[in-house]
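Note sheet for the following structure.
Labels below follow one simple rule: chain letters A, B, ... track the order of the sequence lines, proteins then strands, and each chain is numbered from 1.
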Number of protein chains: 2
Amino acid sequence: MARKRFDDSNCSVARALNEVGDWWSLLIVLQAMYGTRRFVDFQQQLGIAKNILCDRLGKLVDNQVLKKVDVGEHGSRFEYRLTDKGRDLFPVVVALRQWGDKWNPAPDGQPLDLRDRDTGQPIRPVIVQNTEGYALGIRDVFVPDQSTGEEQTS
Amino acid sequence: MARKRFDDSNCSVARALNEVGDWWSLLIVLQAMYGTRRFVDFQQQLGIAKNILCDRLGKLVDNQVLKKVDVGEHGSRFEYRLTDKGRDLFPVVVALRQWGDKWNPAPDGQPLDLRDRDTGQPIRPVIVQNTEGYALGIRDVFVPDQSTGEEQTS
DNA sequence: TTAATAGGGTTGCGTTACGAAACCAAATTA
DNA sequence: TAATTTGGTTTCGTAACGCAACCCTATTAA
């Protein structure tokens with residue numbers, strides 16, 4: 001049977017995964033954040049098959065994560081650029097990177113650290129915060145019951 | 001040919017996606033964060049085929065995102081519980097949820113909001129921050145050149 | 001004490017997606 | 001005019017997905 005889709009799921013995580021939840025899409029977005037814009041560059045930097053890249057770029061454009069721009073310059077006719085929606089995946093990608101660095105450190109070297117362009121300082125770990133900015137763990141949050149507004153035990 | 005794997009990739013995002021980058025794994029982790037622990041509960045709440053669930057739970061246990069606990073109580077013999085590594089995916093999941101809520105809002109209702117158990121206030125959007133706590137976008141960060149320590153243009 | 005039920009899987013099998021290589025076409029460049 | 005480059009599409013073998021059916025062990029009900 002067909003692979004399950006989550007387009008109409010009432011879970012926003014599922015809907016998000018429906019757009020960027022496959023093997024390649026997030027990596028393409030990551031490359032785009034590094035500045036990659038052209039088809040061949042994505043292909044070479046990711047080592048992805050062209051038909052798959054084609055498919056993913058198309059879907060990402062359909063989902064408005066990327067936009068396809070026609071640039072009539074010297075052989076490279078199109079560029080794929082991040083939209084605001086795509087750029088908004090920055091915290092997701094950074095959080096995922098930090099998780100990977102922490103729990104599956106690269107065998108051969110130091111983790112890639114991102115730094116603040118202004119100060120040159122490393123960035124903070126991405127965390128969930130309450131309104132005062134304090135870190136929250138899983139047990140520190142709850143989902144309010146829609147009907148009563150009361151706290152419910154998870 | 002075999003599906004591409006990223007086990008030994010020097011990119012930590014790729015290594016992270018290798019563990020939780022498929023359609024179901026992150027949703028399983030999400031359910032676990034909601035408190036689900038037993039096989040049948042995962043199955044019913046996610047609507048996932050049993051063999052797929054079996055496979056994913058096994059991989060998540062192999063990757064130490066979940067741990068399988070033998071509980072000899074009244075028919076339910078095993079529980080799958082988050083490890084510290086699994087709990088550390090909290091910011092990733094929350095960031096993904098917020099992205100999904102923002103850009104693909106549920107057709108039928110309000111977004112699920114998480115609240116601070118202590119104050120009852122909604123949580124903040126997950127962002128990337130510099131050492132002072134200020135928000136950073138893609139263009140505000142750079143990857144220092146390993147050899148020189150100099151800033152490089154992205 | 002046997003039968004029924006529930007939890008947790010495994011097996012088969014058809015459908016779909018993935019991925020490498022080959023092929024294609026428009027636009028440049030040599 | 002020929003050779004490249006960019007951006008694709010096609011073909012086809014392999015791997016993964018997903019449903020249904022079956023299986024085994026404990027527990028509960030009759």
So, OP1 or OP2 of dA17(C): does either fall under 4.0 Å of a side-chain N or O from Lys59(A)?
no
Provide, to the nearest angstrom, the distance between the CD1 atom belonging to Ile48(B) and the C1' atom belonging to dG18(D).
10 Å
Which atom names give the shortest non-hydrogen contact between Gln98(A) and Arg124(A), and what distance separates them?
NE2-O, 3.1 Å
Rounded to the Å, how far apart are Arg38(B) CZ and dT27(D) P?
14 Å
Looking at Gln121(A), I'd like to know if its CD atom is crowded, meaning that more than 12 non-hydrogen atoms belonging to other residues, nucleotides or ligands lie closer than 6.0 Å.
yes
Atom CG of Leu53(B) to atom P of dC17(D): distance rounded to whole Å?
13 Å
Specify the separation, in whole Å, of atom CZ of Phe39(B) and atom P of dG8(C).
8 Å
Atom CD of Gln45(B) and atom P of dG7(C) are separated, to the nearest Å, by 12 Å
Please determine whether a side-chain nitrogen or oxygen atom of Trp24(A) lies at a distance below 4.0 Å from atom OP1 or OP2 of dG19(C).
yes
Tell me which of Val40(B) and Asp55(A) sits closer to the 5' end of DNA chain C, going by the nucleotide each one is nearest to.
Val40(B)
Distance below 4.0 Å between Tyr80(A) side-chain N/O and dG8(D) OP1 or OP2
yes
Separation of atom CZ in Phe42(A) from atom P in dT6(D), rounded to whole Å:
14 Å
Looking at dT9(D), dA27(C), dG18(D), which one has an atom nearest to any side-chain atom of Ile52(B)?
dG18(D)
Quick check on dC23(D): is either OP1 or OP2 less than 4.0 Å from any side-chain nitrogen or oxygen of Lys50(B)?
no
To the nearest Å, how far apart are Arg37(A) CZ and dT6(D) C1'?
17 Å
Going by an N to O cut-off under 4.0 Å, is there a salt bridge joining Asp41(B) and Arg38(B)?
yes
If you compare all heavy atoms of Asp118(A) against all heavy atoms of Asp116(A), which two are closest, and at what distance to 0.1 Å?
N-OD1, 2.9 Å
Of the listed nucleotides (dC19(D), dG7(C), dA27(C)), which one gets closest to any side-chain atom of Arg77(B)?
dG7(C)
Taking only the side-chain heavy atoms of Asn51(A) (C-beta and beyond), determine which of dG7(D), dG18(D), dA21(C) contains the nearest atom.
dA21(C)
Rounded to the nearest angstrom, tell me the gap between atom CG in Leu46(B) and atom C1' in dC19(D).
17 Å
Between dC17(D) and Arg56(B), is there an OP1 or OP2 to side-chain N/O distance shorter than 4.0 Å?
yes
If you only use heavy atoms from C-beta on, which nucleotide in dT9(D), dA20(D), dG8(C) is closest to the side chain of Cys54(A)?
dT9(D)
Salt bridge check, Arg87(A) against Asp84(A): does any charged N sit closer than 4.0 Å to a carboxylate O?
yes
